[in-house]
Amino acid sequence: MSNKTSLSQTGIEHVFVLVLENRSFDHMLGFSGLTGTNAVTGQQTRINGLNGTESNSYNGNTYEVSKGADNTMACGPGHGFLDVLEQLCGQGAAYKPGGSYPALNNSGFVANYAKNCAQAAPSEVMKCQTPSQIPILTLLAQNFAVCDNWFSSLPGPTWPNRFFVHAASSGGLDDGPSTKQILEWELWEGFAVENGTIFDSLKKAGHTYRIYSGGSFPPVAALKGIHQLDIRSFNDSFASDLQKGDYPAQYTFIEPCYGKYLEGSYLDGNSQHPVDGVDGGEQLIAHTYNAIRNSPIWEKSLLIVTYDEHGGFFDTVAPPPAIAPGDKPSGQYSIHGFTFEQYGPRVPAVIVSPLIPQNIIDHRVYDHASIPATIEAIFGLPHLTQRDANANNLTSLMSLEDPRQDVPLIEENELGSCPIFEETEELSYATLAATPLNSLRADDNLAGFLHVALLSDLDLSPASQRPAILAQFKSLKTCGDAWQYMQGVQKKVIAARAATVSKAG
């Protein structure tokens with residue numbers, strides 16, 4: 001049952017959501033040792049984390065969780081649908097289309113990592129951050145609320161989990177799409193979900209929203225109804241827009257910079273992808289928090305910081321069954337015949353508002369559908385699917401009548417610019433041309449980013465160019481082809497955003 005609360009009880013007029021990448025709860029906060037006040041009972045409680053003896057076995061060896069994860073990894077863990085199946089259910093687990101998810105024991109993380117990353121030590125996937133490695137996320141968790149039973153919406157990768165953030169459904173998509181599938185599905189208008197998105201609901205009710213992105217091709221733009229000119233540059237606009245005093249958006253969604261994903265490295269981003277490390281994402285969290293905290297709307301604001309999925313990292317809690325969205329899925333999006341009756345692994349979720357008492361620990365079950373559920377509860381919107389209709393929302397956490405004045409200050413460093421598609425000594429068309437697009441893993445996400453580039457190209461070009469654009473897209477065969485195509489589209493995006501900013505002010 002959901003914990004619905006009316007707008008008059010929350011005092012919230014602006015909701016901000018930042019979704020980072022690929023980190024499990026235990027990997028980030030399992031060793032935090034946080035204690036605080038139980039959000040439901042008001043009693044003292046401890047975060048549901050690690051005791052240090054949790055382990056996986058592989059090839060006759062036992063690998064325990066350990067403190068002090070490396071900042072960057074040479075190889076990111078797998079997190080496609082079949083990878084997560086093995087991680088949660090063990091080696092040899094199989095999923096029958098349309099059937100029940102196998103029994104979960106969280107025993108296959110090391111085995112799956114060894115299979116996907118043979119060049120790395122199997123123990124890497126069991127290493128966890130310490131509070132000193134992620135001081136900003138830890139500070140916010142200590143000073144506001146942390147949810148230790150927030151699960152990804154399905155046991156799979158980025159794209160379908162991010163769709164649940166926006167629609168409480170993925171429209172039936174149960175894995176990362178390939179370029180071949182995007183071509184076969186002819187998604188020239190974007191991914192469609194039967195009941196629309198939270199952006200559609202807000203617009204229909206007369207509310208406004210904004211989307212800020214660190215890069216040119218954010219995954220949110222893969223959805224039908226989201227256009228490139230709906231998206232603003234986070235670095236150039238976010239803090240200054242909030243300082244104007246008349247910030248109009250009831251809901252704001254923030255996308256990180258994903259870095260150099262064409263190389264598979266994600267380097268120089270701030271999404272906290274494991275190959276890129278946590279430092280950039282820490283600064284993104286700090287910039288987001290500080291911009292809201294120092295704005296005129298701070299006292300009426302709510303910020304949700306969470307992660308799209310676990311990224312293949314170990315978590316000790318077996319995710320519970322889930323309620324299927326119940327909307328009509330597009331049969332073409334279903335790769336594995338998944339029923340959506342199973343949550344994916346836990347992810348960190350820190351909830352920030354001056355109306356939240358200090359040091360709250362919330363043990364209730366949440367998933368990404370709790371984000372639209374919260375927005376719906378605050379602004380009086382109808383639910384989108386059965387998933388958000390039954391999801392717990394966050395409104396009861398805003399229990400203070402008066403905003404706190406003891407909220408922390410966070411020192412921040414300069415936020416680096418997002419890489420652009422340009423040739424360097426390390427990256428060239430020649431090096432990428434050797435990699436066929438159809439050779440990539442389902443969780444590499446390049447096909448999804450490439451799809452967003454196509455939608456952006458169609459958005460920003462005259463209708464007369466549509467046939468030529470589609471023909472060019474269909475001709476792409478290698479990562480080098482993708483690089484050249486996205487380089488050209490990015491120039492259009494940068495120019496269009498600059499023109500929009502210039503026109504606005």
Subject >> Ser370/Arg364 under side-chain hydrogen bond (donor to acceptor under 3.5 Å, both in side chains): CA gap, chis, key distance, verdict >> reply: CA-CA 11 Å; Ser370 294; Arg364 289 171 288 194; over 6 Å; no

Subject >> Worked check of ring pair (Phe, Tyr, Trp, His ring centres under 6.0 Å) between Phe253 and Tyr212 >> reply: CA-CA 6 Å; Phe253 182 71; Tyr212 290 84; over 10 Å; no

Original post:
Where do His310 and Asp315 land on the side-chain hydrogen bond (donor to acceptor under 3.5 Å, both in side chains) test, with the steps shown first?
Top reply: CA-CA 8 Å; His310 73 303; Asp315 192 84; over 6 Å; no

**OP:** Could you give me the CA-CA distance, side-chain angles and deciding distance for Ser456 and Gln228, then say whether side-chain hydrogen bond (donor to acceptor under 3.5 Å, both in side chains) is met?
**Re:** CA-CA 6 Å; Ser456 302; Gln228 185 59 245; 2.7 Å; yes

Original post:
Hey, mind stepping through Glu309 and Arg162 against side-chain contact (heavy atoms from CB on, under 4.5 Å) and telling me if it holds?
Top reply: CA-CA 9 Å; Glu309 33 84 9; Arg162 283 184 175 268; over 6 Å; no

**OP:** With side-chain contact (heavy atoms from CB on, under 4.5 Å) as the test, would you mind laying out the steps for Leu384 and Asp200 before giving the verdict?
**Re:** CA-CA 10 Å; Leu384 296 165; Asp200 298 324; over 6 Å; no

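Remark: Lys244 does not engage Asp246 in a salt bridge, criterion side-chain N to carboxylate O under 4.0 Å. Note on Asp327 versus Arg387: no salt bridge recorded, every NZ/NE/NH1/NH2 to OD/OE distance being 4.0 Å or above. Ionic pairing of Arg232 and Asp241 is present here: one or more N-O contacts between side-chain nitrogen and carboxylate oxygen are shorter than 4.0 angstrom.
The aromatic ring centres of Tyr95 and Phe81 sit less than 6.0 Å apart. Residues Tyr261 and His273 place their aromatic rings such that the two centres sit no closer than 6.0 Å. For Tyr258 and Tyr266, the ring centers are positioned 6.0 Å apart or more. In summary, the aromatic rings of Tyr209 and Tyr251 are positioned with their centroids too far apart to meet the 6.0 Å limit. Taking the six-membered ring wherever Trp is involved, the centroid distance between the rings of Phe191 and Tyr333 falls below 6.0 Å. Aromatic pair Phe449/Trp159: centroids less than 6.0 angstrom apart.
His363 pairs with exactly one of Asn48, Asn149, Thr45, Thr41 by the side-chain hydrogen bond (donor to acceptor under 3.5 Å, both in side chains) rule, that one being Thr45. When each of Thr306, Val350, Leu394, Asn392 is checked for a side chain to side chain contact (heavy atoms under 4.5 Å, CB included) with Cys147, only Leu394 meets the rule.
In this structure, a donor-acceptor pair under 3.5 Å is present between the side chains of Asp459 and His227. Residues Glu376 and His383 have side chains that never bring a donor and an acceptor to within less than 3.5 angstrom of each other. Between the side chains of Asn235 and Ser233, not a single donor N or O lies within less than 3.5 Å of an accepting N or O. Side-chain contact check for His79 and Gln87: no donor-acceptor pair (N or O, by modelled atom type) lies under 3.5 Å. Counting only N and O atoms by type, the side chains of Glu86 and Asn112 include a donor and acceptor under 3.5 Å apart. Of the N and O atoms on the side chains of Asn161 and Asp308, not one donor lies less than 3.5 Å from an acceptor on the other residue. Checking Asn290 against Glu412 by side-chain atom types alone, a donor-acceptor pair falls below 3.5 Å. When only modelled atom types and interatomic distance are considered, Ser24 and Asp26 share no side-chain donor-acceptor pair under 3.5 Å.
Between Tyr366 and Trp150, the ring planes lie parallel to each other; the angle is under 30°, not in the 30° to 60° tilted range. Note on ring orientation: taking the six-membered ring where Trp is involved, the planes of Phe109 and Phe314 are perpendicular (angle over 60°, cut-offs 30° and 60°).
Separation of atoms CG (Leu18) and CD1 (Ile254) is listed at 5.5 Å; rounding is to 0.5 Å. Note that the CZ atom of Phe25 and the CZ atom of Phe151 stand 10.0 Å from one another [nearest 0.5 Å]. Rounding to the nearest 0.5 Å gives a distance of 7.5 Å between CG of Asp362 and CG of Asp148. Ile134 contributes atom CD1, which lies 11.0 Å from atom CG of Leu140 (distance to the nearest 0.5 angstrom).
Crowding of Lys127 atom NZ: a count of heavy atoms from other residues, nucleotides or ligands under 6.0 Å exceeding 12.
The shortest side-chain heavy-atom distance between Leu202 and Thr208 does not fall under the 4.5 Å cut-off.
Partners of Cys89 by side-chain contact (heavy atoms from CB on, under 4.5 Å), not counting sequence neighbours, listed by chain and number: Leu85, Ala93, Tyr101, Pro102, Leu104.
Asp174 and Ile335 get closest at one heavy-atom pair: OD1-N, 2.9 Å. Closest of all the heavy-atom pairs between Gln129 and Phe31 is O-CB, 4.1 Å. Nearest heavy atom pair, residue Thr385 against residue Ser169, reads CG2-CB, 3.9 Å.
Between the side chain of Glu54 and the backbone N or O of Met126 there is no donor-acceptor pair closer than 3.5 Å. A side-chain donor-acceptor contact under 3.5 Å links Asn359 to the backbone of Thr35.
A cation-pi contact links Arg404 to Phe144, judged by a cut-off of 6.0 Å to the six-membered ring centre and 45° from its axis.
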